[in-house]
Amino acid sequence: MTPGTPLPTLVGQRCTLRELTPADAPSLQRNADDVEVWRNLFEGFPHPYTLADAIAWCDGGARESHYGHVWGIAVRGEVIGCANVAPQQGPLRCNAEVGYWIGQPHWRHGIATEALGLITDWAWQALPEVTRLFAPIFAWNTGSQAVARKCGYIKEADMPRSAFKDGRVIDRVQFAIYRP
């Protein structure tokens with residue numbers, strides 16, 4: 001499956017992963033416009049997160065090929081975050097990066113864990129060339145590290161001074177899971 005093609009809807013007990021639509025922009029904006037959400041996401045994620053940012057993302061930004069396959073994470077019909085799988089290119093095409101975030105009111109309810117589990121299972125079925133999924137996570141983000149562990153990802157590397165956030169050089173850790 002190539003990035004940008006229609007995605008299947010993935011249904012779990014706590015959440016549904018589905019394609020984003022322009023109608024999702026208001027709920028996405030409400031969940032993304034939070035300094036704690038921004039703090040745990042990579043440079044370039046806007047803060048404040050405006051309705052215009054959400055509209056641009058839902059109306060096409062999420063379908064840009066470099067983001068890979070992007071789903072909205074929906075709970076009771078409302079999109080509360082996003083998850084993606086971005087296959088690497090060229091000699092590294094056996095790897096794909098995963099990412100996920102949800103709004104702070106939904107933290108610690110098992111939603112992010114279920115979403116990561118759904119996209120991991122989907123990737124093994126839909127991307128036969130991928131043998132390794134990896135998740136780079138800021139070193140302080142113990143919540144996302146716990147999510148990765150619960151889904152069978154293992155800590156693969158400490159990556160000191162490996163990213164920028166808010167003009168500072170920061171540490172990341174990398175978690176990975178290999179095709180069963």
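None of these values were measured; they are calculated from a predicted model.
- In the hydrophobic cluster analysis, where Ile, Leu, Val, Met, Phe, Trp and Tyr join through side-chain heavy atoms closer than 4.5 angstrom, I119 is grouped apart from Y178.
- To the nearest 0.5 angstrom, E19 atom CD is 11.5 Å from C58 atom SG.
- Residues V70 and A62 come closest through the heavy atom pair CG2-O, 3.3 Å.
- Of the candidates I111, L118, T16, I111 is the only one forming a side chain to side chain contact (heavy atoms under 4.5 Å, CB included) with I73.
- Heavy atoms of other residues, nucleotides or ligands lying less than 6.0 angstrom from CD of E36 number more than 12.
- Annotation for A54 and A25: closest pair CB-O, 3.3 Å, computed over non-hydrogen atoms.
- A 4.5 Å side-chain heavy-atom check between C15 and H106 finds every atom pair outside the cut-off.
- A chain of hydrophobic side-chain contacts below 4.5 Å, direct or via other Ile, Leu, Val, Met, Phe, Trp or Tyr residues, connects V35 to L41.
- Taking the charged nitrogens against the carboxylate oxygens, D24 and R18 do have a contact shorter than 4.0 Å, which makes a salt bridge.
- With contacts defined as side-chain heavy-atom distances shorter than 4.5 Å, the pair R161/I170 does not qualify.
- Taken together through direct or relayed side-chain contacts under 4.5 Å among Ile, Leu, Val, Met, Phe, Trp and Tyr, F134 and M159 form parts of separate hydrophobic clusters.
- Among all heavy-atom pairs drawn from A135 and V98, the shortest one is CB-CG2, 3.7 Å.
- No side-chain heavy atom of Y100 sits under 4.5 Å from any side-chain heavy atom of N84.
- S162 approaches D171 most closely through the heavy-atom pair OG-C, 4.4 Å.
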### Worked check of ring pair (Phe, Tyr, Trp, His ring centres under 6.0 Å) between W57 and Y67
CA-CA 11 Å; W57 180 249; Y67 293 116; 4.9 Å; yes
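- Between W101 atom CH2 and C82 atom SG the span is 5.5 Å, to the nearest 0.5 Å.
- Distance check: T131 OG1 to I177 CD1 gives 12.0 Å after rounding to the nearest 0.5 Å.
- Residues C151 and T113 have side chains in contact (heavy-atom distance under 4.5 Å, counting atoms from C-beta outward).
- Taking OG1 from T120 and CZ from R179, the interatomic distance works out to 11.5 Å, rounded to the nearest 0.5 Å.
- Paired with N95 under the rule side chain to side chain donor-acceptor pair (under 3.5 Å), one option of R132, Q88, Q89 passes, and it is R132.
- The pair K150-E114 does not meet the salt-bridge criterion, since no charged nitrogen lies less than 4.0 angstrom from a carboxylate oxygen.
- Judged by the 6.0 Å distance and 45° axis criteria, K165 is not positioned over the aromatic ring of W140.
- Annotation: side chain of W122 is in contact with side chain of L127 (closest heavy-atom distance under 4.5 Å).
- Two residues are said to be in side-chain contact when any heavy atoms from C-beta on lie closer than 4.5 Å; W71 and L10 meet this criterion.
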### Query
Where do W107 and Q104 land on the side-chain contact (heavy atoms from CB on, under 4.5 Å) test, with the steps shown first?
CA-CA 5 Å; W107 292 3; Q104 189 175 182; 3.7 Å; yes
### Task
Given side-chain contact (heavy atoms from CB on, under 4.5 Å), test Y49 with D34 step by step and report yes or no.
CA-CA 8 Å; Y49 194 89; D34 180 331; over 6 Å; no
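- Atom CZ of F42 has more than 12 heavy atoms from other residues, nucleotides or ligands within 6.0 Å.
- Cluster annotation: L20 is not connected to I55 through the hydrophobic network of ILVMFWY side chains, with a link wherever side-chain heavy atoms come within less than 4.5 Å.
- The side-chain heavy atoms of V173 and E156, taken from C-beta on, include no pair separated by under 4.5 Å.
- Panel note: side chain D53, backbone T50; a donor-acceptor pair is recorded below 3.5 Å.
- Hydrophobic clustering, with ILVMFWY side chains joined whenever heavy atoms are under 4.5 angstrom apart, groups V79 together with F45.
- Distance CG/N31 to CD/E78: 5.5 Å, rounded to 0.5 Å.
- Between Q174 atom CD and Y153 atom OH the span is 11.5 Å, to the nearest 0.5 Å.
- Among residue pairs with one or both ends in residues 82-107, none qualify as salt bridge (charged side-chain N to carboxylate O under 4.0 Å, His left out); sequence neighbours excluded.
- Between L17 and T9, the closest side-chain pair of non-hydrogen atoms is not below 4.5 Å.
- Shown here for I137 and A148, the closest heavy-atom pair between the two residues is CD1-CB, 4.3 Å.
- Nearest heavy atom pair, residue A96 against residue V85, reads CB-CG1, 3.8 Å.
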